[in-house]
Student: 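Handing you a structure now.
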Amino acid sequence: MEALSVNVPKTSSGVISVAAGVCALGINLEGSVVVRSIASPRVVIVPARSMFFVRGPVRLSALVARGDHKLQVVSWQSNTLSALDMWLQTYGPGRNVKGLSRNLGCKPIDPHLHGLINRFEEAKAANGELTEPLLVSVVYEAVSRIMVGSDEMQLSPLPAELPKALTKLSVAVRKEPSGNWSLKEASEFASYSPFHFSRVFKQLVGYGFHEYVDRCRTELAVELLVSTDLPVDHIATQAGFGTTQGLRESVREYLGFVPSEFRSLPDLFEATGV
C-alpha cells in the first residue's frame, strides 16, 4: 500500500506496464489520467475522485494531466486472493467487452463507493491484526463493483439521495445536457421558485446548478472526443457549449487536458513501440 503525490507541470505521456499476476486497486483523489490498453480499443478516463483496478499482464498507453496528482494504491499478487482472481477470469472481465480481455476498469467514488473509502481509511488506521482483513474486504467489494458494468467518467457527482423533483431534473440534464437549462427553466421543471431552487440545489449538491450543467456537458463532450471523429466545433455544439473555447475551458478546468490531447492517445502506441 502506498500513497503518491506529485505535480505535473505539463501534460505527459508514457507507458504503464503491469506484470502478470499483479493486481492494483487505486483511489485517485486529485488529477486526471487517460489510459488505453493495446488489447482493447477502450479509452478509460480516470478523473479525480475515482477508483480504478488493473490486472496484469497489461501495457497501457497513458496521458497524465497537468496539475497536482494524489492517489493511493493497494497492490497484491493475484494468487493471494484466489477466489477473486477466479471470479475475474470467469465472469468479471467478460461482462462488458465481448471478445476482449478486460484488465482495466474505473468507477467514480461518489456516491456509491464513498463507504468503501471510509473503510479504507479505517483499515489504514487499524492496528496490525485488523489492517489486512479490512483491506481485503475493501478490495473484494471495490474490484467487483468496478468490473461489473461499464466504465464511468463522472464529473458531476450528486448525493445518493435528493428530493424527487431534483432527482428527476438531474436525470433530464444528464440525458440532454445541450438543452436550454437556464435557472428559470430548471426551477420550473422542478416546481421551485428560481431563488429557492438555486439555494437548495447548491446546499444539497455542494455546487451550483449552472456548474452541474457545465460538468454534464463536459462529460458528453469528452465521451464524443474519445469515441468519434467528429470535429471539435461540432462536438462543442452537440454538447451544448456555445463555442469551442467554452468547451476547451471546461475540459481544462475539470480534467486538466485540452480537447486535442484526448485524440493523441492512440498515436502513443506507435510512438512508444507498444
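Residue numbers count from 1 along this sequence.
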Student: To the nearest 0.5 Å, tell me how far I45 CD1 sits from S32 OG.
Tutor: 8.5 Å
Student: Minimum heavy-atom separation for L204 and P163, please, with both atom names.
Tutor: CD1-CD, 3.6 Å
Student: Please answer whether the main-chain N or O of Q77 pairs with a side-chain N or O of T80 as donor and acceptor at a distance below 3.5 Å.
Tutor: yes
Student: Does the side chain of R36 pick up a donor-acceptor pair with the side chain of S61 at under 3.5 Å?
Tutor: no
Student: Is the closest side-chain heavy-atom distance between L162 and L169 below 4.5 Å?
Tutor: no
Student: Quick one: CZ on R252 to CD on E249, what's the gap to the nearest 0.5 Å?
Tutor: 10.0 Å
Student: Testing the basics here: between L134 and A123, what is the closest heavy-atom pair and its distance to 0.1 Å?
Tutor: CB-CB, 3.5 Å
Student: Kindly indicate whether the side chain of L71, heavy atoms from C-beta on, has any atom under 4.5 Å from the side chain of I27.
Tutor: no
Student: Side chain of S12, backbone of V64: donor and acceptor closer than 3.5 Å?
Tutor: no
Student: What distance separates I109 CD1 from M51 CE, expressed to the nearest 0.5 Å?
Tutor: 6.5 Å
Student: Counting C-beta onward and ignoring hydrogens, is there a side-chain heavy-atom pair between V15 and L60 closer than 4.5 Å?
Tutor: no
Student: State, yes or no, whether a side-chain contact exists between F52 and V33 at a heavy-atom distance under 4.5 Å.
Tutor: no
Student: Applying side-chain hydrogen bond (donor to acceptor under 3.5 Å, both in side chains), which residue pairs with at least one partner in residues 183-196 are found, sequence neighbours left out?
Tutor: K184-E188, H196-R199
Student: Applying side-chain hydrogen bond (donor to acceptor under 3.5 Å, both in side chains) as the test, list every pair that has at least one member in residues 64-73; sequence neighbours left out.
Tutor: N7-D68, T11-R66, R66-E261, Q72-K124
Student: Do L247 and V43 land in one hydrophobic cluster if side-chain heavy atoms of ILVMFWY residues count as linked below 4.5 Å?
Tutor: yes
Student: Using modelled atom types and a 3.5 Å cut-off, is there a donor and acceptor pairing between side-chain atoms of S178 and backbone atoms of A239?
Tutor: no
Student: Within the side chain of N28, is there an N or O that forms a donor-acceptor pair under 3.5 Å with the backbone of S50?
Tutor: no
Student: With a 4.5 Å cut-off on side-chain heavy-atom distances among I, L, V, M, F, W and Y, is there a chain of contacts connecting L158 to I117?
Tutor: no
Student: If you look at every heavy atom in S17 and R59, which pair is closest and at what distance?
Tutor: OG-NE, 3.2 Å
Student: Run through D85, V138, L84, V148 and flag the one making a side-chain contact (heavy atoms from CB on, under 4.5 Å) with V143.
Tutor: L84
Student: Are F189 and L166 in one and the same hydrophobic cluster, where Ile, Leu, Val, Met, Phe, Trp and Tyr link if side-chain heavy atoms are under 4.5 Å apart?
Tutor: yes
Student: Between the side chains of R174 and E219, is the shortest nitrogen-to-carboxylate-oxygen separation below 4.0 Å, so that they form an ion pair?
Tutor: yes
Student: Taking ring pair (Phe, Tyr, Trp, His ring centres under 6.0 Å) as the cut-off, I'd like each qualifying pair that reaches into residues 106-145, sequence neighbours left out, listed once.
Tutor: none
Student: Decide, yes or no, whether a salt bridge links E211 with K202 under the criterion of side-chain N to carboxylate O below 4.0 Å.
Tutor: no
Student: With sequence neighbours excluded, tell me which residues meet side chain to side chain contact (heavy atoms under 4.5 Å, CB included) with H210.
Tutor: L183
Student: Is a donor from one side chain sitting under 3.5 angstrom from an acceptor on the other, for D214 and S250?
Tutor: yes
Student: Can you name the closest pair of heavy atoms from S13 and L63 and give their distance?
Tutor: CB-CD2, 3.7 Å
Student: Look up atom OG1 in T218 and atom CG in L155, then write down how far apart they are to the nearest 0.5 Å.
Tutor: 6.5 Å
Student: So, do E2 and L4 sit near enough that their side-chain heavy atoms are less than 4.5 Å apart?
Tutor: yes
Student: Please name the pair of heavy atoms, one in N103 and one in G56, separated by the smallest distance, quoted to 0.1 Å.
Tutor: ND2-C, 4.2 Å
Student: Are the side chains of V73 and M1 in touch, meaning some heavy atoms are under 4.5 Å apart?
Tutor: no
Student: Quick one: does D110's side chain have a donor or acceptor within less than 3.5 Å of a partner on P159's backbone?
Tutor: no
Student: Do V46 and V34 have side chains that approach each other closer than 4.5 Å (heavy atoms only, starting at C-beta)?
Tutor: no
Student: Check the pair V139 / F53 against side-chain contact (heavy atoms from CB on, under 4.5 Å), numbers first and verdict last.
Tutor: CA-CA 10 Å; V139 166; F53 171 69; over 6 Å; no
Student: Establish whether M147 and L81 are linked, either directly or via other cluster members, by ILVMFWY side-chain heavy-atom contacts under 4.5 Å.
Tutor: yes
Student: Out of curiosity, N118 CG to E122 CD, how far, rounded to the nearest 0.5 Å?
Tutor: 9.0 Å
Student: For E30, is the CD atom crowded, meaning more than 12 foreign heavy atoms sit under 6.0 Å from it?
Tutor: yes
Student: Can you find a pair of side-chain heavy atoms, one from V213 and one from R217, that are under 4.5 Å apart?
Tutor: yes
Student: Look up atom CZ in R215 and atom CG in L220, then write down how far apart they are to the nearest 0.5 Å.
Tutor: 16.0 Å
Student: Restricting to pairs with a member in residues 221-258, which pass ring pair (Phe, Tyr, Trp, His ring centres under 6.0 Å), not counting sequence neighbours?
Tutor: F257-F262
Student: If we count only N and O atoms by modelled type, under 3.5 Å, do the side chains of S137 and R119 hold a donor and an acceptor together?
Tutor: yes
Student: Could you work out, with ring-ring contact (aromatic ring centres under 6.0 Å, His included) as the rule, every residue matching F201, not counting sequence neighbours?
Tutor: F197, F209, Y212
